[in-house]
Amino acid sequence: FSPLVSERPLAGRHVIVTSGPTHEPIDPVRYIANRSSGRQGHAIAAACARAGARVTLVSGPVDLSDPPGCEVVSVQTAEEMRAEVEKALPADIAIFVAAVADYRAARIAEQKTKKSEGGLTKLKLTENPDILASIARHENQRPALVVGFAAETRDVEVYAEEKRVRKGADLIVANDVSHDSGIGGKGGVMGGTRNRVAIASADGVEKWPEMTKDEVAERLVLAIAARLGV
Ligand code: CTP
Ligand code: CA
């Protein structure tokens, strides 16, 4: 048995996890999204539940079954995700794994935009709220431990530490997705079952070897428990 199951280091804790992409509608048939299968986020939610936590999983659209032992709240957009995360507070730990779309359409067209009208070439975008940063800087309900993810294609460790400080997170789990171009269909981190990550904290950057997403989840939960001093 893993120490998660035998020692239940997160017993009595409430954990919020975000997972999957968000879909930002443009019109009734189109949306803006990032690439994300939700596998790593769902694996982390499942590992937290195995470790004894009460887990609220706020997930964008994914093609995965609900992880055992988690309360799953399904959302479409970043704005809905932010509202559901707020609603789930207070929490001891918040882990932001979702690949949130950075932008949404400034206005959603009620009717399908016709190509012949050239509508989408002039699409106006608005920046989405940064959910991680808003929770990490929450005025009265900041979770004791706030964890973010960073998918980068270059200078992974530099960007991870910069993101950690900029967003006010305690930990950033960074992965290199430089081989994940959908062009040519080469399999990579996104949609795959394996991951290689580096963990940025105030103590520096720690590189973990490549392992499965379930193993990353398990090891991350143990690292989180150790930080909370349980
Ligand atoms: N995140 C979030 N809300 C957003 C954007 C990102 O909560 N609107 C969270 C993600 O879930 C992740 C972390 O912030 O944990 C980093 O996301 P990332 O896209 O790497 O960071 P950005 O600040 O959007 O920077 P970039 O320009 O590299 O996309
Ligand atoms: Ca982003």
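Atoms within a ligand are numbered from 1 in the order they appear, just like the ligands themselves.
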**Student:** Using distance alone, determine whether Val100 and ligand 1 share an N or O pair under 3.5 Å.
**Tutor:**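 Between Val100 and ligand 1, no N or O pair is found under 3.5 Å apart.
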
**Student:** Using heavy-atom distances, let me know which of Asp102, Ile135, Ile95 sits nearest atom 19 (O) of ligand 1.
**Tutor:**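 Heavy atom nearest to atom 19 (O) of ligand 1 belongs to Asp102.
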
**Student:** Report, in ascending order of atom number, the atoms of ligand 1 lying under 4.0 Å from any heavy atom of Arg166.
**Tutor:**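 Near Arg166, meaning under 4.0 Å from one of its heavy atoms, ligand 1 has 23 (O).
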
**Student:** Any nitrogen or oxygen of Ala150, main chain or side chain, under 3.5 Å from a nitrogen or oxygen of ligand 1?
**Tutor:**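 There is no such contact.
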
**Student:** Taking side-chain contact (heavy atoms from CB on, under 4.5 Å) as the criterion, tell me which of Asp214, Asn175, Val177, Asp176 meets it with Asn195.
**Tutor:**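 Filter result, single survivor: Asn175.
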
**Student:** With nothing but distance in play, are any N or O atoms of Phe149 less than 3.5 Å from an N or O of ligand 1?
**Tutor:**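 Yes, at least one N or O pair falls under 3.5 Å.
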
**Student:** Given the ring of Trp208, does Arg196 sit roughly above its face, with NZ or CZ under 6.0 Å from the centre of the six-membered ring and within 45° of the axis?
**Tutor:**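 The answer is no; the distance or angle limit is not met.
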
**Student:** Identify, by atom number and element, the atoms of ligand 1 in contact range of Gly148, meaning under 4.0 Å from any of its heavy atoms.
**Tutor:**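 Close to Gly148: 15 (O).
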
**Student:** I'd like to check which ligand 1 atoms, numbered from 1 as shown, lie under 4.0 Å from a non-hydrogen atom of Leu132.
**Tutor:**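 What qualifies from ligand 1 is 2 (C), 7 (O), 9 (C), 13 (C), 14 (O), 15 (O).
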
**Student:** Please indicate whether any nitrogen or oxygen in Lys167 is less than 3.5 Å from any nitrogen or oxygen in ligand 1.
**Tutor:**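 Such a contact does occur with ligand 1.
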
**Student:** Does Gln141 CD have over 12 foreign heavy atoms under 6.0 Å away?
**Tutor:**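 Check passes, neighbour count above 12.
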
**Student:** Which atoms of ligand 1 have any heavy atom of Ala98 under 4.0 Å away?
**Tutor:**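 What qualifies from ligand 1 is 10 (C), 11 (O).
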
**Student:** Of the backbone atoms (N, CA, C, O) and the side-chain heavy atoms from C-beta on, which set of Pro129 has a member under 4.0 Å from an atom of ligand 1: side chain, backbone, both, or neither?
**Tutor:**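 Near ligand 1, Pro129 shows its backbone, while the atoms from C-beta on stay back.
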
**Student:** Considering distance alone, does some N or O of Lys163 sit under 3.5 Å from an N or O of ligand 1?
**Tutor:**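 Yes.
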
**Student:** Of the side chain and backbone of Asn34, name the one, both, or neither that has a heavy atom under 4.0 Å from an atom of ligand 1.
**Tutor:**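 Looking at Asn34 and ligand 1, no heavy atom falls under 4.0 Å.
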
**Student:** Please indicate whether any nitrogen or oxygen in Val97 is less than 3.5 Å from any nitrogen or oxygen in ligand 1.
**Tutor:**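 No, no N or O pair falls under 3.5 Å.
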
**Student:** How far is atom 3 (N) of ligand 1 from the closest protein heavy atom, and which atom is that?
**Tutor:**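 Checking every protein heavy atom, the shortest distance to atom 3 (N) of ligand 1 gives Ile131 N, 3.0 Å.
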
**Student:** Grab the two heavy atoms, one from Pro61 and one from Gln76, that are nearest each other, plus how far apart they are.
**Tutor:**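 Nearest pair, atom of Pro61 first, then Gln76: CG-OE1, 3.8 Å.
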
**Student:** Quick one: does atom 27 (O) of ligand 1 have a protein heavy atom under 4.0 Å from it?
**Tutor:**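 Not a single protein heavy atom is under 4.0 Å away.
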
**Student:** Check whether any N or O atom of Phe96, backbone or side chain, sits under 3.5 Å from an N or O atom of ligand 1, and answer yes or no.
**Tutor:**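 Between Phe96 and ligand 1, an N or O pair is found under 3.5 Å apart.
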
